[in-house]
There are 2 protein chains.
Amino acid sequence: MNNKENFIKKLRSSGLRPTRQRIEICKALYDRKKTFHFTIDDLNKILRKKSKEKISLATIYNTVYAFKNKNYLKEISLNTNKTYFDTNVSNHHHFLDENSNRLIDLKNSDVGKVKIKRKIPGKKIKSIEILVRISD
Amino acid sequence: MNNKENFIKKLRSSGLRPTRQRIEICKALYDRKKTFHFTIDDLNKILRKKSKEKISLATIYNTVYAFKNKNYLKEISLNTNKTYFDTNVSNHHHFLDENSNRLIDLKNSDVGKVKIKRKIPGKKIKSIEILVRISD
DNA sequence: AGATACTTTATAATGATTCTAAAGTAGTGT
DNA sequence: ACACTACTTTAGAATCATTATAAAGTATCT
């Protein structure tokens with residue numbers, strides 16, 4: 001995804017109508033070089049700055065969860081009061097800087113192979129998420 | 001910690017007055033064979049069943065966070081609306097059963113050594129937490 | 001253009017957590 | 001045992017993220 005036409009295609013192809021709001025949200029999220037970690041509140045503030053036509057908070061919630069369901073966004077497990085999302089949906093991990101509370105992507109290749117030696121009968125492993133807390 | 005006298009000693013030694021409420025909470029949390037994963041709501045329900053003398057919700061919050069600060073409890077990173085705590089404060093990891101939403105301890109020795117190959121200048125690693133999602 | 005289903009929106013509702021400030025209690029010294 | 005002080009508990013209110021509601025708007029199809 002990298003421009004308006006592509007966003008429209010992507011939205012259509014996944015059964016989401018390309019509304020002004022969804023396109024603006026795509027731009028805010030995916031017109032970036034680096035992956036982006038954010039809360040709904042972060043995104044709301046960014047959208048308010050970017051354009052004067054307001055997008056309702058409800059729509060931001062709706063859209064973010066729609067994108068999450070389509071696997072265009074990933075939810076990150078942290079114990080904070082707000083929910084964090086990540087535009088990097090590939091298999092990867094995170095540093096959490098405890099001083100700034102900022103997240104940093106850790107590529108899968110930055111982490112040695114993780115072996116889980118224990119099995120739970122009848123259960124399959126769906127994902128392995130690593131959170132590395134760092135500070136000064 | 002394993003009986004009333006020990007709970008009282010432990011509380012005193014950490015500068016927490018051994019009140020009826022704190023002792024009852026200790027019993028609910030630490031008079032167990034297995035480690036215990038819980039939310040404030042879980043703990044509240046357990047305490048209501050155990051004794052008729054009610055402990056206020058505010059006190060349960062106060063006490064759980066006091067215990068967390070004393071390192072008698074650990075907060076667990078999950079993306080759920082409620083905060084989870086763990087009576088196992090040692091270095092370890094978790095399975096999360098997505099069907100039942102239940103947590104299962106993964107001993108450190110159940111996980112092969114995790115190598116973090118990337119370094120962030122000026123930052124030290126404080127902890128490494130692994131969450132393994134499983135389901136049927 | 002009209003019909004229809006999908007979207008957006010303001011607003012209300014929910015629910016976990018935190019705050020407040022008054023009443024209660026443990027520990028200390030007398 | 002008594003009183004003093006600092007720490008605790010508590011009910012209830014306040015906060016804040018998130019979810020629900022239902023009316024108005026819009027994309028898409030024919």
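Note that the structure is predicted; figures quoted are calculated from it, not measured. We name chains A, B, ... by the order of the sequence lines, and we start the count at 1 in each one.
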Near DNA chain C, which residues from residues 73-84 of chain B have a heavy atom under 4.0 Å away? B:Asn81, B:Lys82, B:Thr83
Between C1' on C:dT25 and CZ on B:Arg20, what's the gap in Å once rounded to a whole number? 12 Å
Can you confirm whether A:Ile104 sits close enough to B:Ile120 that some side-chain heavy atom of one is under 4.5 Å from a side-chain heavy atom of the other? yes
Please work out which of the three classes, parallel, tilted or perpendicular, describes the rings of B:His92 and B:His94, given edges at 30° and 60°. perpendicular
Within the pair A:Arg12 and D:dT28, is there a side-chain N or O less than 4.0 Å away from OP1 or OP2? yes
Figure out the CG/P separation between A:Asp41 and D:dA17, and round it to whole Å. 6 Å
Find out whether B:Thr83 and B:Tyr65 are in side-chain contact, i.e. whether some heavy atom of one side chain is under 4.5 Å from a heavy atom of the other. yes
For the helix from C:dA1-D:dT30 to C:dT30-D:dA1, what angle lies between the axis at the first five pairs and the axis at the last five pairs, to 10 degrees? 30°
May I ask you to say whether B:Lys123 pairs ionically with A:Asp136, meaning some side-chain N is under 4.0 Å from a carboxylate O? yes
Within a strict 4.5 Å, meaning less than it, do heavy atoms of the A:Thr87 and A:Leu73 side chains meet? yes
Would you call B:Lys9 and B:Glu5 a salt bridge, using N to O less than 4.0 angstrom? no
Contacts of B:Lys54 and B:Arg22 projected onto DNA chain D by closest heavy atom; the upstream (5') one is B:Arg22
Rounding to a whole Å, what distance do you find between A:Asn69:CG and D:dT19:P? 12 Å
For A:Tyr72 and A:Phe85: C-alpha separation, side-chain torsions, deciding distance, then whether ring-ring contact (aromatic ring centres under 6.0 Å, His included) applies. CA-CA 10 Å; A:Tyr72 301 155; A:Phe85 297 90; over 10 Å; no
